[in-house]
Amino acid sequence: MNSASDRGGRQPVDDRRSVADRLRHLAAWLLAVPLVSLLVAGCGGGGGASTAWFEVSVSGVGSTTSSAFEGGSIVLKGSDGATYTVPAVAEAGAGLFVTSTGSVPATLVVDRNPVNRMCSISAAPAALGGRGSASLSCVHTPINDTGLTDCMSGVDCALQDGGTGRGAIPAKLGKLNAGSPGSFDYTRICNNGAEEGAAGCPSGAPVGAGASEWGCTRDNVTGLVWRVVDYPGRYTQGDAIAIPVEGWCGRTASSWRLPSVDQLQSVFFNAGTLEGTDRVAAHTLWLPMLNFNRRNALENPIPSSISSEGSGFWSSTLVAAAAGDAWMALFQGNGRVRVEASNTLRLRVAPVSTADLASRFADTYYTAARWDANLGAGTLLDRRSGLMWMICSAGWSFNTTAGRCDPVAGQPAVRAFRDALAESLAVNQDSSRNRGYSDWRVPNRAELATLVDCVRWRPSEGGSAGCTDVALKKLVDLDLTGAGSFWTSSWVPGNEVFTIDFSTGAIGLSPIIGLDPLDLLAPTAFRVRLVRNAR
């Protein structure tokens, strides 16, 4: 798919030991403190053993105690293999301390994260018996990762999708269902509303319409509940909006609907398995209704290779600036998003329920306005995703006096993919450009897609036809590079990279090396917008 639209005016194709000898024990409690952070102060010792004193600040918690960590506590691990839990219940007057028989440097790492959070701990005290501090930072991650784990050779994996985010540490993720795949967290639900393994919903229940059969899957990251029983037929988008729904899986009929384009692409698994010659961009063992190869064999066969009708699913999102068009998702070829004619093309549907959203995102953090543009720093905060963006794309710097992006002398506005990844390192080490942070990176496909305002189309155009949110629109008004295509850090085998065209909002794949006859084998160049985890 030709998703990107700008490249020089031409179109691209589509321990040391952590505690000496042995850690004897770890006692941990969290004190109730203000919203911004939790402070765990260390004290204690005795028994002839030296004591490591920790003062641990826990950030990113939307509550006064760590009971805000849904689905379990943080687990720390020493290099001796022992694990230690930071309990979810605060107990006043106690602290976090480690005792040991020796006196050597100590290091702890996060061995398990809470659900929907990723935590990291800074360097522990230099030596047991001495007083030190460590910062435990927890970032909220309420959007799914891409599932990509492969990294391109010759480029630091830590700069790529495969080396960052949830997908890089699946064994350390807190999950409501530890048996779900990789960085994803799914729970099967029977038609009677019970979860798999509970009374009335046996483990391994087959897909079906019976009360004790598997009818739905809940995505524990997004809170969406998907109907996994095939909804038969193909529809125009107008007919799909009005499809009959029922109170499936214990959710009311009124909570079921055609998913928005954001909801639909949230289940993209960009490392899906090959079935024949097609790659299915979904976890088909958990979301079988998205397996277009199987469904095409059952009804109305349309080869996915010749038409988007073969693997396309309608969303409920219309294109306001182009009457007669709507957004759809293709589940072939690693997954792509584009606009199609809503009244002529006939695609499949996958109903979704939002009944569980209120309980999943009751955090008061979500009640504030989603977008917050900081014109004193040149950053844009997205409270829904917990991501912070640079208002200016690479090659430009935010002018706080004039409130705009100015070009940086000698800096190109577009870059080859490898140079785009390296740009984050350069920015992090440059105090004149890093806006006070040193953890900027190139976003993955799922992260960059959160900037697309598909409701209004053309998210990078100003005026009434542009973005619907005033703060989000700062990316348009202040970053004078205009609309065009941006790199993500999501590389897939075959030397293709996901790109997003911000003149249309389409998501597709572009080759790293251009195929334009005028510059054969020249690197493809696009824009770059850096991101960091803000919460």
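Only heavy atoms go into these numbers, but all of them, side chains included; no hydrogens, no water, no symmetry mates.
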Worksheet item: What's the spacing between F498 CZ and L509 CG if we round to 0.5 Å?
Response: 4.5 Å

Worksheet item: What heavy-atom pair brings A168 and G162 nearest, and what distance separates the two atoms?
Response: CB-O, 3.8 Å

Worksheet, complete the sentence: One should read off an interatomic distance between K474 NZ and C392 SG, to the nearest 0.5 angstrom, of 12.5 Å

Worksheet item: Is there a donor-acceptor contact under 3.5 Å from the side chain of T284 to the main chain of P288?
Response: no

Worksheet item: Are the side chain of K172 and the backbone N or O of R166 linked by a donor-acceptor pair below 3.5 Å?
Response: no

Worksheet item: For N399 and D406, does a side-chain donor sit closer than 3.5 Å to a side-chain acceptor?
Response: yes

Practice prompt. Report yes or no: is the cationic atom of R188 (NZ for Lys, CZ for Arg) closer than 6.0 Å to the six-membered ring centre of W286, at no more than 45° off its axis?
Written response: yes

Worksheet item: Are the side chain of T524 and the backbone N or O of P511 linked by a donor-acceptor pair below 3.5 Å?
Response: yes

Discussion item. Measuring only between side-chain heavy atoms, which start at C-beta, is D382 closer than 4.5 Å to R370?
Written reply: yes

Worksheet item: Minimum heavy-atom separation for Q160 to M152, with atom names?
Response: OE1-N, 2.7 Å

Fill in: Reference residue F486; test side-chain contact (heavy atoms from CB on, under 4.5 Å); the match among L451, V442, I500, L448
L448

Worksheet item: Stepwise, does the side-chain contact (heavy atoms from CB on, under 4.5 Å) test hold for S266 with L224?
Response: CA-CA 10 Å; S266 73; L224 298 171; 4.0 Å; yes

Worksheet item: Are F331 and F268 close enough that their ring centres sit under 6.0 Å apart?
Response: yes

Discussion item. Would you compute the distance between atom CD of E496 and atom OG of S490 and round it to the nearest 0.5 angstrom?
Written reply: 13.0 Å

Item to complete: Check S180 against K175 and note the closest heavy-atom contact, atom names and distance.
Response: O-NZ, 2.8 Å

Worksheet item: So do V427 and L530 actually touch side chain to side chain, heavy atoms under 4.5 Å?
Response: yes

Item to complete: For residues T450 and I143, report the shortest heavy-atom separation together with the two atoms involved.
Response: CG2-CD1, 4.2 Å

Practice prompt. Determine, step by step, whether F184 and V221 satisfy the side-chain contact (heavy atoms from CB on, under 4.5 Å) criterion, reporting the C-alpha distance in whole Å, the side-chain angles of both residues, the deciding distance to 0.1 Å, and the verdict.
Written response: CA-CA 7 Å; F184 291 79; V221 176; over 6 Å; no

Worksheet item: Judged by atom type as modelled, is there a donor-acceptor pair below 3.5 Å linking the side chain of D145 to the main-chain atoms of G147?
Response: no

Practice prompt. Look at R445 together with E447 and state whether they make a salt bridge at an N to O cut-off of under 4.0 Å.
Written response: no

Worksheet item: Any sub-3.5 Å donor-acceptor pair from W226's side-chain atoms to R218's backbone N or O?
Response: no

Worksheet item: Can you check whether D501 reaches S485 side chain to side chain, under 4.5 Å on heavy atoms?
Response: yes

Worksheet item: Between T236 and N343, does a side chain to side chain donor-acceptor pair (under 3.5 Å) hold up when you go through it step by step?
Response: CA-CA 5 Å; T236 63; N343 294 323; 5.3 Å; no

Worksheet item: How many angstroms lie between OG1 in T400 and CG in L375, if you round to the nearest 0.5 Å?
Response: 10.0 Å

Worksheet item: Are any side-chain N or O atoms of N428 and backbone N or O atoms of S424, one a donor and one an acceptor, separated by less than 3.5 Å?
Response: yes

Practice prompt. Assess the side chains of R257 and T354: does a donor N or O sit below 3.5 Å from an acceptor N or O?
Written response: yes

Discussion item. What I want to check is whether the side chains of S260 and D262 have a donor and an acceptor closer together than 3.5 Å.
Written reply: no

Worksheet item: Is R441 salt-bridged to D439, cutoff N-O under 4.0 Å?
Response: no

Discussion item. Determine whether a donor-acceptor pair (N or O, by modelled atom type, separation under 3.5 Å) exists between the side chain of R227 and the backbone of V352.
Written reply: no

Worksheet, complete the sentence: Value for CG (L381) from CH2 (W389), rounded to nearest 0.5 Å, stands at 12.0 Å

Discussion item. Salt bridge or not between E423 and R433? Use side-chain N to carboxylate O under 4.0 Å.
Written reply: yes

Fill in: Residues D230 and R348 bridged, charged N to O under 4.0 Å
no

Discussion item. If we ignore hydrogens and angles and just use 3.5 Å, is the side chain of N444 paired with the main-chain N or O of S489 as donor and acceptor?
Written reply: no

Fill in: Under 3.5 Å donor-acceptor, N296 side chain and F292 backbone
yes

Discussion item. Quick one, N144 with T222, criterion side-chain contact (heavy atoms from CB on, under 4.5 Å). Give me CA distance, side-chain angles, the key distance, then yes/no.
Written reply: CA-CA 7 Å; N144 270 321; T222 64; 3.9 Å; yes

Discussion item. For a quick test of reading the model, state the closest non-hydrogen atom pair linking G163 to C151 and the distance between them.
Written reply: N-SG, 3.8 Å

Fill in: Closest non-hydrogen atom pair, V261 against T317
N-OG1, 3.0 Å

Fill in: Cation over ring face, R532 and Y437, 6.0 Å, 45°
yes

Item to complete: Give the ring-plane orientation class for H283 versus F269, where under 30° counts as parallel, over 60° as perpendicular and anything between as tilted.
Response: parallel

Discussion item. Exactly one of M328, R234, Q237 should register a side-chain contact (heavy atoms from CB on, under 4.5 Å) with L347. Which one does?
Written reply: M328

Worksheet item: Do any N or O atoms from the side chain of R338 and from the backbone of A329 form a donor-acceptor pair under 3.5 angstrom?
Response: no

Practice prompt. Could you grab the distance from atom CG of L380 to atom CG of L472, nearest 0.5 Å is fine?
Written response: 6.5 Å

